[in-house]
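Only heavy atoms go into these numbers, but all of them, side chains included; no hydrogens, no water, no symmetry mates.
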Amino acid sequence: EVIPEGTVFKVRPEDALCDLAEVLSDSRHTAIAVVDEGDRLLGLLTVNDLMRAYFEGVPPERRLSDWLASGRARAPERLLQRITVSPRAPLERVAEKMVSNAVAGDCACHHVVVREDGGSLRGVLSSHDVVALLSRLDIWQHRPRGGDMFGPPDVEEVAEAMTVRDAMKHSGRVFTCPPTDSMKDALKVLLVTQQNSIVVVDESGIYGFVTPRDAVKAFADGLPNSVNIADWLSERAHGVESRMVPIDMRLLDAAAKMAADEVDHLIVVHPGGREAVGVLSSMDVLLRTNTHSPLLRTVPLWSGPTVGEVLTDQSHLTEIYARGTTLGEAARTLVHTGRTSIVVEMDRDGCDFGLLTESEVLRAYLDGWARTARIEDLLTSTELRHSEMLRHFQVPPTMRITEAAALMLSAAEPSHTCHHLVVRSATGGFLGVFSALDVARALHSLPSELEVARAGLDETTVDAVMRVSSTVSTCRPTDTVEEALRTLDLSGQHSALVSDADGAFLGLITPRCALHAFADGIPKDEQVLACLQRGRGADGHRHVLLGSKLSEAASVMAAHRLHHLLVVEEPGRSPVGVLSALDVARGVVSVNSHCPFVSLGWLRLFGGVTTFSLQAPREALQAARKRSHTPERSLADEPPRSAARLLETTTVH
């Protein structure tokens with residue numbers, strides 16, 4: 001009833017992203033179907049796909065088929081069923097599908113594909129189209145009464161009951177950026193938060209919106225994503241005056257304005273005033289008019305790949321060693337592979353397994369166990385039996401790495417750290433061991449720039465999660481290996497800084513030293529200095545500069561199989577801190593856990609604006625452009641703010 005015949009826009013898979021951008025930029029459409037020569041639907045590409053391609057710097061000549069196969073498309077062929085409706089589907093069903101997909105956040109949510117039972121494409125319906133229909137009284141007249149707008153209800157009753165206030169996002173939930181930011185900065189916020197608008201604002205007032213449509217226009221015009229927003233806004237003829245609506249306006253009237261002006265976002269002000277109090281989008285209207293729909297999350301939380309996926313990429317993490325393997329053999333294996341644990345059969349039937357970590361090897365070395373001793377003898381003699389330990393740290397392969405990192409941290413105690421999780425199938429079968437270093441490996445293997453941004457790794461620096469040198473255990477080069485390793489064991493830390501009597505830094509002692517000592521038969525009374533000189537090979541890669549991104553540190557750890565990095569201000573200087581693989585895990589845990597959450601702290605800088613004046617004359621825009629070309633004070637020049645202070649002043653959604 002609402003899709004005209006012959007209005008389907010189509011492109012071919014051999015077309016390029018720039019072709020798609022040109023078509024969308026020159027039309028009011030926000031999505032186009034990709035079909036093959038036989039008119040088979042291969043996917044749906046939307047303005048959000050182009051926004052991501054623009055953000056990540058994908059070449060405009062990239063073929064659409066390559067983008068659909070890249071895993072970054074919002075509606076490839078495998079997800080089409082999630083966004084498909086029949087031509088006979090009521091609009092209520094369309095709204096419910098859009099809202100449920102928006103809440104899920106893993107596929108296109110502003111569009112549905114309308115297909116006949118035989119699979120032929122009838123058209124594409126957007127959230128803007130649905131909102132535009134709300135203002136057409138002829139659509140709803142003579143319909144039975146229902147429980148919400150799509151019931152359909154009595155039009156006059158709904159019009160009187162619902163206002164813009166009921167559906168808008170209040171200013172505290174609106175993300176903003178200054179006109180001095182780049183287009184890429186704005187697009188990053190949109191993509192990470194899965195919002196479709198960000199308000200450009202500073203102390204002078206509001207300058208406008210940045211939306212996916214704007215990204216498509218800039219992409220089609222060939223503008224680099226580094227373009228300054230003030231420069232880009234100055235070239236646009238229309239301002240924000242035409243997008244103002246009062247907070248007490250009927251919701252149907254606001255929907256009619258969106259339809260008439262062909263926009264998806266409006267700025268909400270007090271009646272007769274110019275102070276913005278919120279933003280209304282087409283999706284906000286759908287969320288409010290379907291009274292049974294859940295509210296969207298303000299910031300979808302990144303959860304990362306599963307531990308099972310990480311184990312699949314690292315096949316050596318799934319090996320099981322035979323009963324009778326000696327401690328010396330285990331130590332040599334751990335040294336050679338860079339691993340921190342192995343799994344060994346505990347009985348002749350191969351039904352029971354034990355987990356040996358580098359911490360157990362360290363204690364065995366200190367307690368005088370022979371290199372020829374069997375692993376199962378060590379594990380069955382310890383105070384905490386292996387079977388109890390395995391039950392305590394069992395996780396399914398479907399657990400996300402952020403959950404795994406949170407579990408490691410929550411299981412840690414002052415004198416005990418948890419670096420390993422045993423991965424078992426639903427039937428109890430052993431699948432592998434997931435360690436803290438595997439968190440770094442997973443972060444290193446993130447497939448795209450957007451995934452890195454969603455994890456907050458491009459904004460979080462090592463100094464946010466490292467342990468400063470003053471809190472790290474120390475030892476002297478003249479100490480024996482036994483004394484140094486006992487310091488690690490008693491302190492519950494996995495690293496100790498080695499400094500001479502004058503305070504000069506000489507190296508780092510970790511449980512890896514115990515593995516080398518056990519594997520090579522080094523006596524316990526050997527001096528630490530000799531131990532350090534024997535293992536100098538890894539020190540060339542062990543340093544990372546203060547202020548380096550957490551993603552860079554994770555890459556160094558993964559590439560060189562290092563569990564600890566020294567953080568230095570300049571090459572050759574003494575370390576100001578130590579970064580462990582567990583610290584990397586702490587930087588990316590979910591906000592739902594009880595652990596410190598730092599990886600998306602940067603995002604709070606784009607929110608929390610309670611009021612802003614709607615005043616953006618051409619002179620103010622020119623002033624903003626001038627400010628954008630003058631040196632600005634960096635965040636590094638400002639006094640650091642604690643996470644507690646951020647939480648006190650910002651509502652976390």
Side-chain angles (χ1 to χ4, degrees), residues 327-328 330-332 334-336 338 340 357-371 373 378 414-417 419 462 466-546 556-557 560-583:
L327 292 176
R332 285 192 293 272
L334 294 178
V335 169
H336 177 70
T340 55
T357 71
E358 62 181 10
S359 296
E360 273 83 45
V361 175
L362 183 152
R363 296 187 188 103
Y365 178 75
L366 294 177
D367 293 342
W369 281 75
R371 297 167 61 200
L378 172 68
S415 60
H416 173 73
T417 54
H419 289 78
V462 295
M466 73 178 189
R467 285 173 295 144
V468 295
S469 296
S470 60
T471 65
V472 180
S473 299
T474 60
C475 61
R476 299 295 185 191
T478 54
D479 290 345
T480 65
V481 172
E482 180 181 13
E483 291 170 336
L485 295 179
R486 201 167 294 283
T487 297
L488 295 185
D489 190 36
L490 295 176
S491 67
Q493 297 187 11
H494 276 219
S495 62
L497 298 171
V498 183
S499 303
D500 61 19
D502 297 325
F505 173 74
L506 298 177
L508 188 72
I509 291 291
T510 72
R512 308 298 295 176
C513 298
L515 296 181
H516 282 280
F518 221 124
D520 300 336
I522 297 173
K524 291 189 287 185
D525 59 357
E526 180 174 283
Q527 288 191 347
V528 167
L529 183 60
C531 181
L532 290 177
Q533 292 172 341
R534 187 180 294 104
R536 282 292 182 196
D539 284 355
H541 307 291
R542 194 180 288 280
H543 296 81
V544 63
L545 292 178
L546 185 70
V556 173
M557 286 181 172
H560 301 287
R561 298 184 299 190
L562 294 172
H563 298 258
H564 297 83
L565 299 178
L566 297 169
V567 183
V568 297
E569 291 182 310
E570 296 178 5
R573 298 282 297 274
S574 295
V576 296
V578 176
L579 182 77
S580 70
L582 200 61
D583 295 327

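- The side chain to side chain donor-acceptor pair (under 3.5 Å) pairs that include a residue from residues 496-506 number zero, where partners must be two or more places apart or lie in different chains.
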Test log, rule side chain to side chain contact (heavy atoms under 4.5 Å, CB included), inputs V578 and M466: CA-CA 6 Å; V578 176; M466 73 178 189; over 6 Å; no

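- The CG atom of D489 lies 8.0 Å from the OG atom of S359; values are rounded to the nearest 0.5 Å.
- Using a 4.5 Å cut-off on side-chain heavy atoms (C-beta onward), F505 and V498 make no contact.
- To the nearest 0.5 Å, atom NE2 of residue H543 and atom CG of residue L579 are 13.0 Å apart.
- Residues passing the side chain to side chain donor-acceptor pair (under 3.5 Å) test with R486, sequence neighbours excluded: E482.
- Two residues are said to be in side-chain contact when any heavy atoms from C-beta on lie closer than 4.5 Å; V576 and V568 fail this criterion.
- To the nearest 0.5 Å, the span separating CD1 on I509 from OG on S495 amounts to 10.5 Å.
- Among all heavy-atom pairs drawn from L532 and G507, the shortest one is CD1-CA, 4.0 Å.
- Looking at T480 and K524, their side chains never come closer than 4.5 Å, going by heavy atoms from C-beta outward.
- The salt bridge (Lys or Arg N to Asp or Glu O under 4.0 Å) test applied to E483 returns no partner, not counting sequence neighbours.
- When all heavy atoms of E569 and L546 are compared, the closest pair comes out as CG-CD2, 3.9 Å.
- The distance from atom CG of L565 to atom OG of S580, rounded to the nearest 0.5 Å, is 9.0 Å.
- Every residue two or more places apart in sequence or in another chain was checked for a salt bridge (Lys or Arg N to Asp or Glu O under 4.0 Å) with R371, and none qualifies.
- Every side chain to side chain donor-acceptor pair (under 3.5 Å) that E526 has, sequence neighbours left out, goes to R534.
- Exactly one of L545, V544, V468 qualifies for a side chain to side chain contact (heavy atoms under 4.5 Å, CB included) with V567. That residue is V544.
- Residues meeting the salt bridge (Lys or Arg N to Asp or Glu O under 4.0 Å) test with D583, sequence neighbours left out: R467, R586.
- Taking every heavy atom of both residues into account, C513 and L485 meet most closely at CB-CD2, 4.4 Å.
- With hydrogens and angles ignored, the 3.5 Å screen pairs a side-chain donor or acceptor of H563 with a backbone N or O of G338.
- No side-chain heavy atom of L582 sits under 4.5 Å from any side-chain heavy atom of H494.
- Between the side chain of S469 and the backbone N or O of P575 there is at least one donor-acceptor pair closer than 3.5 Å.
- A distance of 9.0 Å separates CZ in R332 from CG in D520, rounded to the nearest 0.5 Å.
- L566 places a side-chain heavy atom less than 4.5 Å from the side chain of L497.
- To the nearest 0.5 Å, the span separating OG1 on T510 from NE2 on H516 amounts to 7.5 Å.
- Residues L515 and Y365 are not in side-chain contact: their nearest non-hydrogen atoms beyond the backbone lie 4.5 Å or more apart.
- Taking the side chain as every heavy atom from C-beta outward, H419 and T357 never approach each other to under 4.5 Å.
- Remark: side-chain polar atoms of D479 are paired, donor with acceptor, to backbone N or O of R476 under 3.5 angstrom.
- Residues V361 and P511 form no side-chain contact, since every pair of their non-hydrogen atoms from C-beta on lies 4.5 Å or further apart.
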